[in-house]
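Some notes on the structure that comes next.
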Protein chains: 2
Amino acid sequence: MGVTIKDIAKETGFSVATVSRVLSNKVGFFSQETAAIVNAAALKLGYKKNMAATELVTQKSSIIAVIINSTKTNFSDPIIEGIQQKANEADKRVIILYAGDHDFRSQQRALTTALERPLMGILLLSVDLFADNLQLLKTANVPFRFISISFQDPDLKYVASDDWQIGYLATKYLLKKGHRKIGLAGVDIESSAHTGKLRLAGYQRALIENNITPQKDWIQTGNYSYKAGLNAMKNYGQQKNVSAIITGSDLVGIGLLNQAAKMNISIPNDLSLITIDGTYLCRIVQPQLTSITQNFYSMGYLGAEYLISNQRQNAFTDIQISERGSVRKLTAADSEN
Amino acid sequence: MGVTIKDIAKETGFSVATVSRVLSNKVGFFSQETAAIVNAAALKLGYKKNMAATELVTQKSSIIAVIINSTKTNFSDPIIEGIQQKANEADKRVIILYAGDHDFRSQQRALTTALERPLMGILLLSVDLFADNLQLLKTANVPFRFISISFQDPDLKYVASDDWQIGYLATKYLLKKGHRKIGLAGVDIESSAHTGKLRLAGYQRALIENNITPQKDWIQTGNYSYKAGLNAMKNYGQQKNVSAIITGSDLVGIGLLNQAAKMNISIPNDLSLITIDGTYLCRIVQPQLTSITQNFYSMGYLGAEYLISNQRQNAFTDIQISERGSVRKLTAADSEN
DNA sequence: GCACTCTAAGCAAACGTTTACAATAGCTTT
DNA sequence: AAAGCTATTGTAAACGTTTGCTTAGAGTGC
């Protein structure tokens, strides 16, 4: 069909070997004049390299596959941007595959689509693999790394935020603002990723360090979704057994915010809220949400970097507190109730 | 490196041809007993097909490349889901490539990454190609189709909403609600895609049919972004020369909403707002935004279907009005000012 | 003038599949 | 019993690259 190096060889009178060397820029194997002739011919004929052939013979490729679950993870964009940036710098290519919404078959399809070709490596964006699919990945002999979630399994390398710190910091922040009855909402402590468990542990530690015993009804678990936020707020109920809440994601925060409004609970006047993630969503709702902001861009960049340079260790990216409008400082007057 | 069909041939005693036929399920060319033996061996050895080889010899592939621009198009998710769904039904694979934020080099990179391998076809999600890149695509001899934006160029096929209808319907709706001074905000009427121009035309037509002369300051163009919404509202200003506004995207709508709040203009009491898109964002802000809702899932599904079945014509997907809380019906009392 | 090095280029094998064509055996048809 | 068909399998070419090895010629040092 298309134009091949053979066509260029015929056109220019050189052998395919020489044409190949010019086109893949194997410096030192051709003269400048030859290069000029070959490149001109390639341009003239509209040559496009057939990667299938290249990958077949070289047995490797410059492609990084990014696997992402299709549930609305609104922070995937900056991660992907970070990956793209690093990939460009290292002259790698990026393709993205959707692995469905925690669906075994979709995961498997994405994984095999990726593994059925030579690959530089695989980056998994907050996708919690089923055991069989994880096995498939492990045996594939392709480097891979998780981004934004962490695991105990030493075989599973990751770049993520320090989720213990996130829980700890968020809690300390609220304590400093005078809150003592602090909730945690919408984090998943069942998943095989231990993100949620770590956040919970950090949260509990901060409370205990301040001589506060965490109450069971302060914690409303969930799957980081908008709906989880709605439900959490319903469960906290009108009686406000907490004065401030940490939400597991921006969507949880917004869900909680809206449910509170429906219940005539005003944020931050009646209830304070700090959310984990800090994506643009925090800035488009009213009030804007104070957040523990994760550095997603950096997560992607670093993930790609570690994958490319074949590093083995895990890495944490930085987090920071972004003060917006959803946390109120409690005063002496508040302590009365 | 990996296990090849040769290994399986050696293991089972069959020829590579037979193994290949079993593994690629060329029915009628092998017996059931043979298939059982071969499949067992493939499983045992952990065989994984090398797609590079397959694509090289067959000169085609089952891959659909989806090119998407990395700016926050919050509706890309349902489109991709639709594409995935159709692709699964037709046993095709989907890969996604980011084309940057209207950046020539990024576009080019995405395009060549895609074109450098056998491909079923290319789907472009609201990406406005630079002329040279469009040329690259046109000459590549690969079927392609745009999704969610439309063009005048008869070579560029698309699946999108009928943008003229969108503008027309939104305006008619507001007219029915008693509004006569109607704004249009955040649509791009400069782009080579004529989405914005069509919406504008539909809007104008509806006004004229109702003997209303569109005023220049009713229209605030923009690039569909959150910021465009903020700016538009600033430009409309405190004096409220319009009583209702159509916004070009959900983000524009939210931007406008928030800027209005800052200006102490209450929606929908002081100003009505209907937005175009109707993604989940409409439901997570307060008040929830009334919208002309596009069927993005269907857009993706149909786009993939047309690409796969090699259809030539353009297609429109359905739109509908979703009434939420951002439009107020004007009463006789309102007409006084 | 000889041995050596260097540069530029060609030859041919290799990568892992698919598939047209050929071959075989067993069966049916006439 | 010859011819033809069917079911199953094998042989070998082909896809478009890359690259180790080889070659040719020119330059260099003694």
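Sequence lines set the chain letters: A, B, ... in the order given, protein chains first and strands last, and positions in each chain run from 1. Note that the structure is predicted; figures quoted are calculated from it, not measured.
- Atom-to-atom, CD of B/Glu33 to C1' of D/dA7 comes out at 11 Å; the value is rounded to the nearest Å.
- Taking all atoms of both residues into account, the shortest heavy-atom contact from A/Val159 to A/Thr317 is CG1-CG2, 4.0 Å.
- In this model, the phosphate group of D/dT9 is approached by a side-chain N or O of B/Ser31 to a distance below 4.0 Å at OP1 or OP2.
- Within 4.0 Å (heavy atoms only), B/Ser20 reaches at least one base atom of the nucleic acid.
- Rounded to whole Å, the distance from NZ on A/Lys60 to P on D/dT18 is 12 Å.
- A close approach under 4.0 Å does occur between a side-chain nitrogen or oxygen of A/Thr18 and OP1 or OP2 of C/dG10.
- Without hydrogens or angle criteria, A/Asn88 side chain to A/Gln85 main chain gives no donor-acceptor distance under 3.5 Å.
- Classified by interplanar angle (parallel below 30°, tilted 30° to 60°, perpendicular above 60°), the ring pair B/Phe296/B/Phe75 is parallel.
- When rounded to the nearest whole Å, the span between CD of A/Glu55 and C1' of D/dG16 equals 12 Å.
- Across all strands shown, B/Ser15 has heavy atoms under 4.0 Å from base atoms, whether or not it also approaches the sugar-phosphate.
- Among the atoms of the strands shown, only primed sugar atoms or phosphate atoms (P, OP1, OP2) are found under 4.0 Å from some heavy atom of B/Phe14.
- Sequence order on DNA chain C of the closest nucleotides to B/Arg21 and B/Asn50 puts B/Asn50 first from the 5' end.
- In this structure, A/Thr34 reaches the C/dA9 phosphate: one of its side-chain N or O atoms is under 4.0 Å from OP1 or OP2.
- The backbone N or O of B/Thr112 lies less than 3.5 Å from no partner atom in the side chain of A/Arg93, so there is not a single donor-acceptor pair.
- Of the two residues near DNA chain D, A/Val19 and A/Phe29, the one whose nearest nucleotide lies more 5' is A/Val19.
- Phosphate proximity of C/dG16 to A/Gln59: present, with a side-chain N or O under 4.0 Å from OP1 or OP2.
- OP1 or OP2 of C/dT17 has not a single side-chain nitrogen or oxygen of B/Lys6 nearer than 4.0 Å.
- In this structure, the side chain of A/Thr58 engages the main chain of A/Thr54 through a donor-acceptor pair within 3.5 Å.
- One finds no side-chain N or O of A/Lys48 lying less than 4.0 angstrom from the OP1 or OP2 phosphate oxygen of D/dG16.
- The shortest distance between the side-chain N/O atoms of B/Thr58 and the OP1/OP2 oxygens of C/dT19 is not below 4.0 Å.
- Rounded to whole angstrom, the span from the CD1 atom of B/Ile5 across to the C1' atom of C/dT18 amounts to 8 Å.
- Of the candidate nucleotides D/dT18, D/dT9, C/dG16, C/dG16 has the atom nearest to the side chain of B/Leu56.
- Protein atom CD1 of B/Ile37 is 13 Å distant from nucleotide atom P of D/dT8, rounded to whole Å.
- Taking side-chain N and O atoms only, A/Lys26 has a distance below 4.0 Å to OP1 or OP2 of D/dT19.
- Between the CZ atom of B/Phe30 and the P atom of D/dG10 there is a distance of 14 Å, rounded to whole Å.
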